[in-house]
Amino acid sequence: FGMITQASPKEIEQHKQLGSPITHTIVQRGTKNRAKATDILELVVEGEEKGRRFMVQGEPQDPGELGYFLVYKVEERADL
């Protein structure tokens, strides 16, 4: 289970300055299955021909280090 949101202009600018462009934030429930930087996450929507693909930028964050969620900063990529 997870959620996806568009990154804010402030987040986009901050990550652009760090050399890791982002377009979205993905929040994943649980920390057992962890993607790493440069992994590709795919969002498949029923009825759509092709899924949306996102490249993970940097390491995921565990807010509060409680093991409930992981937050990924990602860049949507149409070329993958």
Side-chain angles (χ1 to χ4, degrees):
F1 175 77
M3 295 177 12
I4 184 168
T5 63
Q6 196 163 10
S8 72
K10 182 179 178 180
E11 290 176 308
I12 291 170
E13 186 58 35
Q14 286 174 337
H15 284 270
K16 186 177 180 182
Q17 290 176 2
L18 296 172
S20 58
I22 68 165
T23 57
H24 294 78
T25 299
I26 295 176
V27 178
Q28 169 190 313
R29 182 177 169 201
T31 58
K32 209 174 207 180
N33 298 316
R34 178 183 294 249
K36 60 186 179 303
T38 72
D39 280 354
I40 305 299
L41 303 177
E42 184 171 24
L43 172 64
V44 179
V45 178
E46 189 175 330
E48 289 188 10
E49 186 176 318
K50 186 178 177 185
R52 294 169 63 186
R53 294 191 173 125
F54 303 87
M55 181 181 288
V56 177
Q57 301 288 341
E59 293 301 313
Q61 303 299 311
D62 179 1
E65 298 180 2
L66 299 173
Y68 294 128
F69 298 97
L70 285 175
V71 178
Y72 298 96
K73 299 298 183 177
V74 299
E75 178 185 24
E76 186 166 16
R77 301 283 299 268
D79 61 333
L80 301 174

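For residues 35-48, the salt bridge (charged side-chain N to carboxylate O under 4.0 Å, His left out) pairs, not counting sequence neighbours, are Lys36-Asp39, Glu42-Arg53. Screening residues 26-52 for ring-ring contact (aromatic ring centres under 6.0 Å, His included) gives no qualifying pairs among residues at least two apart or on separate chains. Sorted pairs that involve residues 28-48 and meet ring-ring contact (aromatic ring centres under 6.0 Å, His included), not counting sequence neighbours, are lacking altogether.
Val45 and Leu41 fall within the same hydrophobic cluster, where Ile, Leu, Val, Met, Phe, Trp and Tyr residues are linked whenever their side-chain heavy atoms come under 4.5 Å apart, directly or through other members. Under a hydrophobic-cluster definition in which Ile, Leu, Val, Met, Phe, Trp and Tyr are linked whenever side-chain heavy atoms come within less than 4.5 Å, directly or via other members, Ile40 and Leu70 are assigned to different clusters. By the criterion of side-chain heavy atoms lying less than 4.5 angstrom apart, applied directly or through intervening Ile, Leu, Val, Met, Phe, Trp or Tyr residues, Val74 is not grouped with Ile12; the two fall into different hydrophobic clusters.
Residues Val71 and Pro63 have side chains in contact (heavy-atom distance under 4.5 Å, counting atoms from C-beta outward).
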Do any side-chain atoms of residues 54-62 form donor-acceptor pairs under 3.5 angstrom with protein atoms, and if so which ones, sequence neighbours left out?
residue : atom : partner : partner atom : Å
Gln57   : NE2  : Glu75   : OE1          : 3.4
Gln61   : NE2  : Glu59   : O            : 3.1
Asp62   : OD1  : Gly67   : N            : 3.3
Asp62   : OD2  : Gly67   : N            : 3.2

List, one per line, each side-chain donor-acceptor pair under 3.5 Å for residues 26-33, sequence neighbours excluded.
residue : atom : partner : partner atom : Å
Gln28   : OE1  : Tyr72   : OH           : 3.0
Gln28   : NE2  : Gly30   : O            : 3.2
Gln28   : NE2  : Asn33   : O            : 2.6

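For Thr25, the side chain to side chain donor-acceptor pair (under 3.5 Å) criterion is met by Lys73, not counting sequence neighbours. Residues meeting the side-chain contact (heavy atoms from CB on, under 4.5 Å) test with Glu13, sequence neighbours left out: Lys16, Gln17.
Within 6.0 Å of the CD atom in Gln14, the count of heavy atoms belonging to other residues, nucleotides or ligands exceeds 12.
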Would you please test Glu11 and Gln6 for side chain to side chain contact (heavy atoms under 4.5 Å, CB included) and show each step?
CA-CA 10 Å; Glu11 290 176 308; Gln6 196 163 10; over 6 Å; no
